[in-house]
Amino acid sequence: LENSGLIEARPQSGYYVLARGPVVPTSRAVEPSTPQPVTLDGVTRRIMRDARDPHLVPLGPAVPDPELLPLENLRRRMSSIARRNPERAMRYEDPVGLRELRAEIARRLITAGCAVTPDEVVVTNGCNEALALTLQCLTQPGDLVAVESPMYYGFLASLETFGLRTIEIPTLPESGMCLEALELALSTHPVKAVIGILNFNNPMGSRMPEERKRRLVELCAQRGVALVEDNLYGDISFEKRIPEVAKAFDRDGNVILCGSFSKTLAPGLRVGWCVPGRLLERVQSRKMATNISSATLPQMVLAEFLAEGGYDHHLRRASREYRQRTDWLRALVLDAFPSGTRVSRPLGGFVLWVEMPPGTDALDVYDKAAQCGFSIAPGCAFSSSNKFSNCIRLNAAYATPKVEPMIRKLGMMIKDVRI
Ligand SMILES: Cc1ncc(COP(=O)(O)O)c(C=O)c1O
């Protein structure tokens, strides 16, 4: 049964029946979209605003469950460091970041197959700043950037702000960005950068197999196009090991690797990082010009937390829990939503991509869900060309039995709004 994918063994727990049911189909499109400017409509802005609304249960925004974060540990550490070392904690830090933290980040990257020195790491205010600094170094307004489709809407907001255009590359639920479509895009358009969430993609949950990562790195290097790799979810793996990053196959500094601790430790600490490769000096000076340095105290807290070795234990526990919640939510959606619904089967992270039967208007469902006190993320926010109107992203981080009535209600709403 295990070999046939019907059950799985969980260490010290037993055998579990795996959720069956249709997986989101491999995308029908294998061609890139036509290039277009990014203009977010009011809907995407509203979704981003609603994501911070404390009155809505976040079943759409990709936020971690605070109960699975080591908040008490971080709080104690923060007051202890501020007491023990107030002068250091309150002074300007090096623009590239606290040396001890950069050393910990470099050490952790070895697990993902990537050998870098602390001097090659720049600490940023979250992964978002890492991406923004990178894009500013690589592009001018009007330039073209290749993005996955569907694509995390936070990227689309940054691309709009920088006046960039996108060419959308179909992303497949099992293997990630379609390399054939990317190759076509790179050979026919003046693309300046490719952005990819290759490990546990948001929103697809896919992990690009290692061999395809290698091909992707080679393809970008051959064409002289920078690859910007977002590895924000890479540490939340449902498999036995942390997957390799594409940067592991980089020979000439063409891959810019970005990440943060927002999904695994605390989004509010705003600690992220960038390994900018050939852009190192430009990213360093842009970071200095933008905000001199990231706040010192959060960097000290994370450097100490990582050095003391509790992170791996915490990750194992959180990933095990996210895996169970993701499986549980997937099975619940397949049970509660109308037949014809398809759901991704992620290998890590904590988001599910749900494709509802054709004709379902996800925006309508979004409005109704908000009236009932919870949020979902409608698919149209994940594209700059009006795709995915019958899709939603769900946040499985909050998938505990408390939310079952909401998911069942969602299923009823979807049956109601179908035309
Ligand atoms: C794929 C991806 N990249 C970047 C970000 C932003 O990360 P941070 O909070 O570290 O800036 C998010 C947040 O949801 C995300 O999902």
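We number each residue from 1, following the sequence as shown. Remember, it's 1-based here, ligands and their atoms both numbered in the order they're listed.
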### Task
Could you give me the CA-CA distance, side-chain angles and deciding distance for F388 and F382, then say whether ring-ring contact (aromatic ring centres under 6.0 Å, His included) is met?
CA-CA 8 Å; F388 312 117; F382 295 83; 8.0 Å; no
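- When every heavy atom of D252 is checked against every heavy atom of R278, the shortest pair comes out as O-CB, 4.4 Å.
- R330 contributes a side-chain N or O that, together with a main-chain N or O of V343, makes up a donor-acceptor pair within less than 3.5 Å.
- The backbone N or O of D364 lies less than 3.5 Å from no partner atom in the side chain of D367, so there is not a single donor-acceptor pair.
- Of all heavy-atom pairs spanning M413 and C372, the tightest one is CE-SG, 3.6 Å.
- At distances below 3.5 Å, not a single donor-acceptor pair connects side-chain atoms of E120 with backbone N or O atoms of L280.
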Which pairs of nitrogen or oxygen atoms, taken one from ligand 1 and one from the protein, are under 3.5 angstrom apart?
from     : atom 1 : to   : atom 2 : distance (Å)
ligand 1 : 3 (N)  : D230 : OD2    : 2.6
ligand 1 : 9 (O)  : S262 : OG     : 3.1
ligand 1 : 9 (O)  : R270 : NH1    : 2.9
ligand 1 : 10 (O) : C127 : N      : 2.8
ligand 1 : 10 (O) : S260 : OG     : 2.7
ligand 1 : 10 (O) : S262 : OG     : 2.7
ligand 1 : 11 (O) : C127 : N      : 3.1
ligand 1 : 11 (O) : N128 : N      : 2.9
ligand 1 : 11 (O) : R270 : NH2    : 2.8
ligand 1 : 14 (O) : K263 : NZ     : 2.7
ligand 1 : 16 (O) : N202 : ND2    : 2.8
ligand 1 : 16 (O) : Y233 : OH     : 2.9

